[in-house]
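What follows is a single structure, written as structure tokens, with notes after it.
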Protein chains: 2
Amino acid sequence: MQQLDLVFSALADPTRRAILARLAEGEATVNELVGPSDLSQPTISKHLKVLERAGLVSRGREAQFRPVRLNAAPLEGAAEWLGDYRRFWEESLDRLDVYVKELKRKEGRHVSKRRRR
Amino acid sequence: MQQLDLVFSALADPTRRAILARLAEGEATVNELVGPSDLSQPTISKHLKVLERAGLVSRGREAQFRPVRLNAAPLEGAAEWLGDYRRFWEESLDRLDVYVKELKRKEGRHVSKRRRR
DNA sequence: GTCCTATATAGCCAGATTAGAATATAGCCA
DNA sequence: TGGCTATATTCTAATCTGGCTATATAGGAC
């Protein structure tokens with residue numbers, strides 16, 4: 001789906017993920033986002049446009065400021081998509097779990113007096 | 001994080017998501033993936049390389065076949081990242097819920113005799 | 001009005017991505 | 001061996017990305 005394309009590719013950049021993380025603490029102006037980023041203001045504006053196209057942020061208008069706020073709704077679709085695969089990684093964790101238990105059992109036999117920490 | 005970059009950008013392409021969906025049903029050869037895709041075999045091979053770099057598939061070796069199988073483990077990191085934002089979309093759903101309830105209350109007052117369906 | 005600040009847009013560049021066609025490789029089968 | 005099949009690699013072209021600098025716009029302050 002088109003929307004998933006936009007969301008996943010917006011999330012594929014660490015700068016944009018950092019922006020979202022910052023916005024999770026509350027809305028911010030563009031300059032507040034530029035500050036800690038060591039990127040230029042136009043570059044941040046471009047990243048914001050990408051996030052906006054993906055529906056992940058929305059912009060207000062207050063005098064000459066254009067406050068940016070998080071809009072997490074599109075993340076739900078992404079999370080749902082991932083959810084379909086949850087059983088696969090849990091499965092492999094189960095197998096790992098079994099493996100670890102088996103390992104402990106063997107260790108228990110061979111190194112039975114290991115001290116607890 | 002680098003790994004998240006690779007995973008999210010691998011997921012940003014619908015062809016690659018389709019490949020993963022197909023692999024969720026079991027391993028497949030390259031040609032089995034080319035079949036329904038209307039893309040050329042080299043193109044699919046390239047997509048597979050992207051998925052492989054993200055750690056999302058692994059390749060076997062059986063005679064001249066190189067079976068591809070799903071490796072969902074890296075998806076867990078992506079799901080965790082998204083999980084940090086769950087409260088935000090749930091929040092907005094809550095607000096929506098409140099809004100809907102409020103709406104119903106008002107409708108109840110003004111259109112109190114609306115028939116149930 | 002002029003000046004200053006916040007932000008957007010334009011233009012540019014280097015490098016990555018995506019596609020296809022053509023070709024190479026690797027392994028089975030006769 | 002030669003031929004067939006499965007897959008990878010190379011080459012080329014088009015498009016996208018992410019960064020910059022320079023410039024434009026918009027709105028408050030004086």
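So that the names make sense, note that chain A is the first sequence line, chain B the second, and so on, each numbered from 1.
Comparing atom distances between the B:Arg59 side chain and each of C:dA8, D:dT7, D:dG18 picks out D:dT7 as nearest. Side-chain proximity of B:Leu39 to C:dG20, D:dT7, C:dC28: nearest is C:dG20. Of the candidate nucleotides D:dA8, C:dT7, D:dA6, D:dA8 has the atom lying nearest to any side-chain atom of B:Ser45. Of the candidate nucleotides D:dG18, D:dT7, C:dT7, C:dT7 has the atom lying nearest to any side-chain atom of A:Val30. Looking at the side chain of A:Arg66, the nearest of the listed nucleotides C:dG20, C:dT7, D:dT7 is C:dT7.
Residue whose closest nucleotide on DNA chain D sits further toward the 5' end, between B:Pro67 and B:Lys46: B:Pro67. In terms of position on DNA chain C, the residue among B:Pro42 and B:Ala63 whose nearest nucleotide sits closer to the 5' end is B:Pro42. Nearest-nucleotide mapping onto DNA chain D: of A:Arg61 and A:Ala12, the residue sitting toward the 5' end is A:Ala12.
Taking atom CG on A:Asp13 and atom C1' on D:dC16, their separation rounds to 13 Å, with Å as the unit. Distance, B:Arg53 CZ to C:dT18 P: 11 Å, rounded to whole Å. B:Leu11 places its CG atom 15 Å from the P atom of C:dT17, with the value rounded to the nearest Å. B:Phe8 has its CZ atom 19 Å from the C1' atom of D:dT17, to the nearest Å. Computed from coordinates, the B:Asp5 CG to C:dT17 C1' distance equals 15 Å when rounded to whole Å. Computed from coordinates, the B:Ile44 CD1 to C:dA19 P distance equals 8 Å when rounded to whole Å. C:dT18 atom C1' lies 14 Å from atom CG of B:Leu51, rounded to whole Å. Across the protein-nucleic acid pair, B:Arg16 atom CZ and C:dA19 atom C1' stand 13 Å apart, rounded to whole Å.
For the pair B:Ser40 and C:dG20, the criterion of a side-chain N or O lying under 4.0 Å from OP1 or OP2 is met. OP1 or OP2 of D:dT9 has at least one side-chain nitrogen or oxygen of B:Lys49 nearer than 4.0 Å. Look at A:His47 and you won't find any side-chain N or O under 4.0 angstrom from OP1 or OP2 of D:dT17. One finds a side-chain N or O of B:Asn31 lying less than 4.0 angstrom from the OP1 or OP2 phosphate oxygen of D:dT7. Phosphate proximity of D:dC20 to A:Thr43: present, with a side-chain N or O under 4.0 Å from OP1 or OP2.
Looking only at side-chain heavy atoms (C-beta outward), B:Leu48 and B:Leu33 come within less than 4.5 Å of each other. Annotation: side chain of A:Tyr85 is in contact with side chain of B:Leu70 (closest heavy-atom distance under 4.5 Å). Taking 4.5 Å as the limit, every side-chain heavy atom of A:Thr15 sits out of range of all side-chain heavy atoms of A:Ser37.
The number of heavy atoms from other shown groups lying within 6.0 Å of CZ (A:Arg59) is above 12.
Residue A:Gln41 places no side-chain atom within donor-acceptor reach of the base of C:dA6, judged by atom type and a 3.5 Å distance cut-off alone.
In this structure, A:Leu39 is a member of the same hydrophobic cluster as A:Leu11, with clusters built from ILVMFWY side-chain heavy atoms closer than 4.5 Å.
In a base pair of the Watson-Crick type (N1 to N3 plus N6-O4 or O6-N4) or a G-U wobble (N1-O2 and O6-N3), with each distance short of 3.5 Å, D:dA26 is matched with C:dT5.
A donor-acceptor distance shorter than 3.5 angstrom exists from the side chain of A:Arg66 to the backbone of A:Gly60, with no hydrogens or angles considered.
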